[in-house]
Every structure is written in C-alpha cells, then in structure tokens.
Q: 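I have a structure here, written as structure tokens, and I will follow up with some questions on it.
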Amino acid sequence: MHPILSRTGLGAMTQCLALTAAAATAPSVPADISARLREIHAKAISFQTVEGKGQVPAYAAFLAGVLAEGGFEPADITITPMGETAFLVARYRGKDPAAKPIVISGHMDVVSANRSDWERDPFTAVVENGFVFGRGSSDNKFGVSSTVATLLWLKAEGYRPRRDIVLALSGDEETTQATTAVLAEQLKNAELVLNSDAGGASLGDDGKPTVYGMQAAEKTYVDFEISFTNPGGHSSRPRADNAIYRLARAIDHIAAFSFPRQSSELTRAYFRAAGALTPGEVGAAMLRYADDPTDAAAIALLSSMPEHVGQLGTTCVATMLQGGHARNALPQSAMVNVNCRVFPGVAIDSVQQTLERVVDDPTAQFRIANNPRPSDASPLRDDVMKALRKAIDLRAPGLPIVPSMSAGATDSLFFRNIGVPSYGVSGTFMHPKDEFAHGLNERVPLATFDGALIQWRSLLKDLSR
C-alpha cells in the first residue's frame, strides 16, 4: 500500500471524505486584523526577494518588526543570514516547555519576474477584478502573510497555547533550499509541520469550492543538465557534429516522450473524490481513471490539463538553455536543463537511464545539478484530520478533504526526510484557471483572505492545545 494509507487504511480516508459539517460557527475576523493582513501582503510583494537581489533579509526584518509590534518578544524572533538570503524563526511561547512544538512553514523568496513581460509591475501589489496581482502574491507571500496575521490575531486575543508554535520561514525554497535544510535540522524535534505553501481548495466555475486538497506527499525534484561538447571552429567551416544541433535533436526527443503513467492509492483517491464533484467530461475522466488508471482516453484528457498532469506520474521538461560562445564561431558546448518531478517510489537513477535512452546520443553528458531528496508520505493523523475538518467546515461546511500529492517540491520535503510529519494546509481557495504561480500575472483572490485567517486560527488553536 501507499505509505500514507498503510498506517491509516482506506477506512480513515473514507471517514475523512464523508464527515459532515461541524456545528461550530465561523468567528468574525476583526476589522483591524483583516486590514492588517492586506497591508502585510501588499508590502510583502514590494520586496524583490528573487535570487541575487539580496532582499530576503530586508523582508525578514519587516516581518520581525510586524511580529514584535504584535506582541512577540524580540528575543523569540531570530533572523539568520545565509549568503545573500536568510531565514526567520519566531517562537510563540506555550505553557509546557516539554511539549514538542508545532511548526508553521513558509518561504520568503520568489521566482524572478521581468517587468517588460507583465501587464502590471510584478513588485507592486495591484488590486483589480477581485484579485491581488504581483509576484509572490500567492507563492508564497499569501501563505506567509496570512499565517503572520493569524498569529497577531491570537496574540491580540491573549491566547496561550500548551505547546510552542514556531513560525519558520526559509529564504531560498525556490532555488537551493539550503536555508530549509538548516531549519529542518534545528526543528527536528517538532511534533508536526503545517505548510502554508501547499494544499488549498479548488473552486468550480460557479465560484464554489469543489474539493480541499491537503498535501501529504510530494514528488522528488531533480534537475538534469544534458550537455554536448565539441572542438568548435570557425563558423565559415560548418561541420555535422555541431553541439547545438545535437542538443536540439535531444530536446526534440525529450519533448516527444512521456514517462509511463503511474498511480497510487493516494492519487486515485484524489481523482475519485474530485471527479465526483467535477461536472462534465473532466469529472467523468477523473472517475474512470480512479477506477482504471490504464484508461487511455482518461489519461489523454487529464494529461492535457496543467492542474492534473503532475498527478499521473513522473514528468520531465526542458527549462533552460545555454550554448555557444561567439556569434562567428562553431559552438564548443551546448546544454539544456531538464527539470523532473519524480513520482514517489521511482529511483532517480532509473529516470536518468530513461532520459539517456530517449536522447539516444552516446556523446550526451548527463549531470544531476541538485541534491534530490526523496521522502515518504506523512501519515494521516487523527488529530490533524479532525482539526482540518473543523477548520474547513468553518469556511465550506462538508467540503471533501482529500490527501494529495504535490507535483512540485516544497520545504516539507526536508522535514519529512527527517521523520517530521508535514501537511500542506494552505488557506487559498482558488479556481485552477487563476493559478499563475511562477508565471505571468500571478494573483490571489481577495475573497480568500478572511477565510484563510479563520482556517489558520482554528487549526493552530486545536493543534497547539
């Protein structure tokens, strides 16, 4: 069985999906807390926390000031520089020092954004058509801002948890994750991690939520650099073994190839639950795939949809190119970066061997450019599932909650790798068509702001008691 189910069984998952709405009434978000979240979020977007800009420490200092102003002791807030970036840890003290802490995970850095490519300035929060636009508006500055604002709300209420709540914000999740590795080592005694950078609810075309996905597993991130070298020469004397031509053929071969489709009980359970709530052809395909993961027509349709293709197996795609050294010289080298998201249980070596067969060129040189970290799925703990059920019912009573596998890598990977259960429980409710993380015109709906605060407050209070 899939690791996530082996410790809980399908009965626990069925119960998770079928639980009825809680009787609790959602609290009203205080007007000052709601306004503060918007202010924190807008300011966050203005920090150009992309690799090489050196602005993560400034953003961390801003957040430290917000937390101190909201009641955190300065001694409980630390910013640790690492190269041009940094990570932040803020500890909300509990009554029992011996109790293992709960960690809230998020990241302060964002991927790059060129002003000339965007309709709006990517580093200025623009409110338009019910959305806040800006780089990092969703990934992950909404998660960071909403959790920080929730902690301010709890402080204002005078809430005193039994166990510590630790806010742990990394500074290079989008690149090397070196700060994440240090954070995970420092917090390896944590009871569990609640990750603001994963999970969330999908909205249907009518604006109503269809399913809430809780990240309990993720694929392994790996970058392969595939390169060709050549003696080069003068461009007036072309030769057949041009390094760029060889690279182009290799890229064409990769583009035409799809890895064999794979499924697990976790991914099939997700498609079964989501399919029952998704109308039309897509929902029918989800249900057919859940029953028969070899259904070719279902696979073809789901593979054509960016929000679903990552759930169907290992994917590899070309993401960067380098080649040549002078306009009037034959290229001495050419390289493509192929980014792979590897399905749990698949060995990295086997992915490389497959790519080598697909490229089908003995002169191609392969190098793994990162340090892949596979990790097992987290168990579906009763306390976590009950707390999440209650929190979601405050926003969308009875909304199905489905443990899911993230197609992308998050900081949870490092915590799972050292045995700390980690769960992606983002407060974002968004239609898949509005999901532009890492892309142009990234946005987050204004309608999800107060709901995220309600969700996080409920989760943190229940799990920190």
Q: So V66 and V148, do their side chains get closer than 4.5 Å, heavy atoms only?
A: yes

Q: Identify whether the distance between the nearest side-chain nitrogen and carboxylate oxygen of E128 and R120 falls below 4.0 Å.
A: yes

Q: Quick check against the 3.5 Å criterion: does N140 have a side-chain atom that pairs as donor or acceptor with the backbone of H107?
A: yes

Q: Establish, yes or no, whether a centroid distance under 6.0 Å links the rings of F47 and F123.
A: no

Q: So how far is it from F133 CZ to T124 OG1, rounded to the nearest 0.5 Å?
A: 14.0 Å

Q: Report the C-alpha distance between V126 and F131 in whole Å, list the side-chain angles of each, state the deciding distance to 0.1 Å, and finish with yes or no for side chain to side chain contact (heavy atoms under 4.5 Å, CB included).
A: CA-CA 8 Å; V126 176; F131 293 91; over 6 Å; no

Q: Specify the closest pair of heavy atoms between L302 and A285, including all atoms of both residues, with the distance to one decimal.
A: CD1-O, 4.1 Å

Q: Assess whether a salt bridge exists between E69 and R36, defined as any Lys/Arg side-chain N lying under 4.0 Å from an Asp/Glu carboxylate O.
A: yes

Q: S34 and D450: side-chain donor and acceptor closer than 3.5 Å?
A: yes

Q: Is there a donor-acceptor pair closer than 3.5 Å between any side-chain N or O of T85 and the backbone N or O of G171?
A: yes

Q: Can you tell me if D109 uses its side chain to pair, donor with acceptor, with the backbone of E173 under 3.5 Å?
A: yes

Q: Is R272 salt-bridged to D291, going by a charged N under 4.0 Å from an acidic O?
A: yes

Q: Treating Q48 as the side-chain partner and Q55 as the backbone partner, does any N or O pair qualify as donor plus acceptor under 3.5 Å?
A: no

Q: Return yes when atom CD of E39 has more than 12 non-hydrogen atoms of other residues, nucleotides or ligands closer than 6.0 Å, and no otherwise.
A: yes

Q: Going by distance alone, is a donor N or O of one side chain under 3.5 Å from an acceptor N or O of the other, for D292 and T294?
A: yes

Q: Any carboxylate oxygen within less than 4.0 angstrom of a Lys/Arg side-chain nitrogen, looking at E157 and R457?
A: yes

Q: Given the rule in the side chain to side chain contact (heavy atoms under 4.5 Å, CB included) test, do E307 and H431 qualify, once you have shown the distances and angles that lead to the verdict?
A: CA-CA 10 Å; E307 63 267 34; H431 195 292; over 6 Å; no

Q: More than 12 non-hydrogen atoms from neighbouring residues, nucleotides or ligands closer than 6.0 Å to NZ on K43, yes or no?
A: no

Q: Can you see which heavy atom on S170 is nearest to which on D411, and at what distance?
A: OG-OD2, 2.6 Å

Q: Could you tell me whether the side chain of L301 reaches within less than 4.5 Å of the side chain of Y289, counting heavy atoms only?
A: no

Q: Strictly by modelled atom types, are S375 and N417 linked by a side-chain donor-acceptor pair under 3.5 Å?
A: no

Q: Please give me the minimum heavy-atom distance between L88 and A64, naming the atom from each residue.
A: CD1-N, 4.1 Å

Q: Which heavy-atom pair separates S406 from Q215 by the least distance, and what is that distance?
A: CB-NE2, 3.2 Å

Q: Are T448 and L446 close enough that some pair of their side-chain heavy atoms sits under 4.5 Å apart?
A: no

Q: Assess the side chains of R443 and S138: does a donor N or O sit below 3.5 Å from an acceptor N or O?
A: no

Q: Check whether any side-chain N or O of Q455 sits under 3.5 Å from a backbone N or O of I392 as a donor-acceptor pair, and report yes or no.
A: no

Q: Compare every heavy atom of K141 with every heavy atom of T49, then report the nearest pair and how far apart it is.
A: OG1-NZ, 3.0 Å

Q: Check the pair Y59, L63 against side chain to side chain contact (heavy atoms under 4.5 Å, CB included), reporting the backbone distance first and the verdict last.
A: CA-CA 6 Å; Y59 178 35; L63 292 173; 3.7 Å; yes

Q: Is the count of non-hydrogen atoms from other residues, nucleotides or ligands lying under 6.0 Å from E51 atom CD greater than 12?
A: no

Q: Just checking, K208 and F429: is the charged tip under 6.0 Å from the six-membered ring centre and within 45° of the axis?
A: no

Q: Is there a side-chain hydrogen bond (donor to acceptor under 3.5 Å, both in side chains) between R416 and S378 once you walk through the steps?
A: CA-CA 7 Å; R416 289 195 188 100; S378 296; 2.9 Å; yes

Q: Would N339 and T319 count as a side-chain hydrogen bond (donor to acceptor under 3.5 Å, both in side chains) if you check the C-alpha gap in whole Å, the side-chain angles of each, and the deciding distance to 0.1 Å?
A: CA-CA 6 Å; N339 178 252; T319 56; 5.8 Å; no

Q: Is there side-chain contact between V182 and F87, with heavy atoms separated by less than 4.5 Å?
A: yes

Q: When rounded to the nearest 0.5 angstrom, what is the spacing between CG in N370 and CZ in F224?
A: 8.5 Å

Q: Please determine whether a side-chain nitrogen of the Lys or Arg among R163 and D96 lies less than 4.0 Å from a carboxylate oxygen of the Asp or Glu.
A: no

Q: If the threshold is 4.0 Å, N to carboxylate O, is there a salt bridge linking E218 and R373?
A: no

Q: Kindly say whether G313 contributes a backbone atom to a donor-acceptor pair with the side chain of K219 at under 3.5 angstrom?
A: yes

Q: Mind running side chain to side chain contact (heavy atoms under 4.5 Å, CB included) on N441 and W118 for me, showing each step along the way?
A: CA-CA 6 Å; N441 305 311; W118 282 57; 4.0 Å; yes

Q: So V89 and L183, do their side chains get closer than 4.5 Å, heavy atoms only?
A: yes

Q: Working to the nearest 0.5 Å, report the span between OG of S145 and CD1 of I40.
A: 6.5 Å

Q: Please confirm whether the backbone N or O of V444 pairs with a side-chain atom of D434, one donor and one acceptor, at under 3.5 Å?
A: no

Q: Give, for atom CG of L187 and atom CZ of F415, the distance between the pair rounded to the nearest 0.5 Å.
A: 5.5 Å

Q: Verify whether one side chain among S464 and Y159 offers a donor that lies under 3.5 Å from an acceptor in the other.
A: yes

Q: Salt bridge or not for R465 and D462, using N-O below 4.0 Å?
A: yes

Q: With side chains defined as the heavy atoms from C-beta onward, is the minimum distance between S304 and V309 less than 4.5 Å?
A: no

Q: How long is the straight-line distance from CE of M430 back to CZ of F436, given to the nearest 0.5 Å?
A: 10.0 Å

Q: Hey, are R389 and D393 close enough for a salt bridge, meaning a charged N less than 4.0 Å from a carboxylate O?
A: yes

Q: Strictly distance-based, threshold 3.5 Å: is any side-chain N or O of S202 a donor or acceptor partner for the main-chain N or O of T210?
A: no

Q: For residues F414 and E185, determine if any side-chain heavy atom of one lies less than 4.5 Å from a side-chain heavy atom of the other.
A: no

Q: Identify the two heavy atoms, one from S112 and one from R135, that lie closest to each other, and give their separation to 0.1 Å.
A: O-NH2, 3.2 Å

Q: Does a donor on one side chain sit under 3.5 Å from an acceptor on the other, for D172 and T179?
A: yes

Q: To the nearest 0.5 Å, tell me how far L167 CG sits from L194 CG.
A: 11.5 Å

Q: Is the backbone N or O of I299 less than 3.5 Å from a side-chain atom of S303, with the two atoms forming a donor-acceptor pair by type?
A: yes

Q: Can you confirm whether K53 is buried at NZ, in the sense that more than 12 heavy atoms of other residues, nucleotides or ligands lie under 6.0 Å from that atom?
A: no

Q: When you measure from the side chain of R162 to the backbone of A99, do you find a donor-acceptor pair of N or O atoms at a distance under 3.5 Å?
A: no

Q: Would you say that D164 contacts I102 through its side chain, given a criterion of any heavy-atom pair below 4.5 Å between the two side chains?
A: no

Q: So, F449 versus H41, ring centres under 6.0 angstrom or not?
A: yes

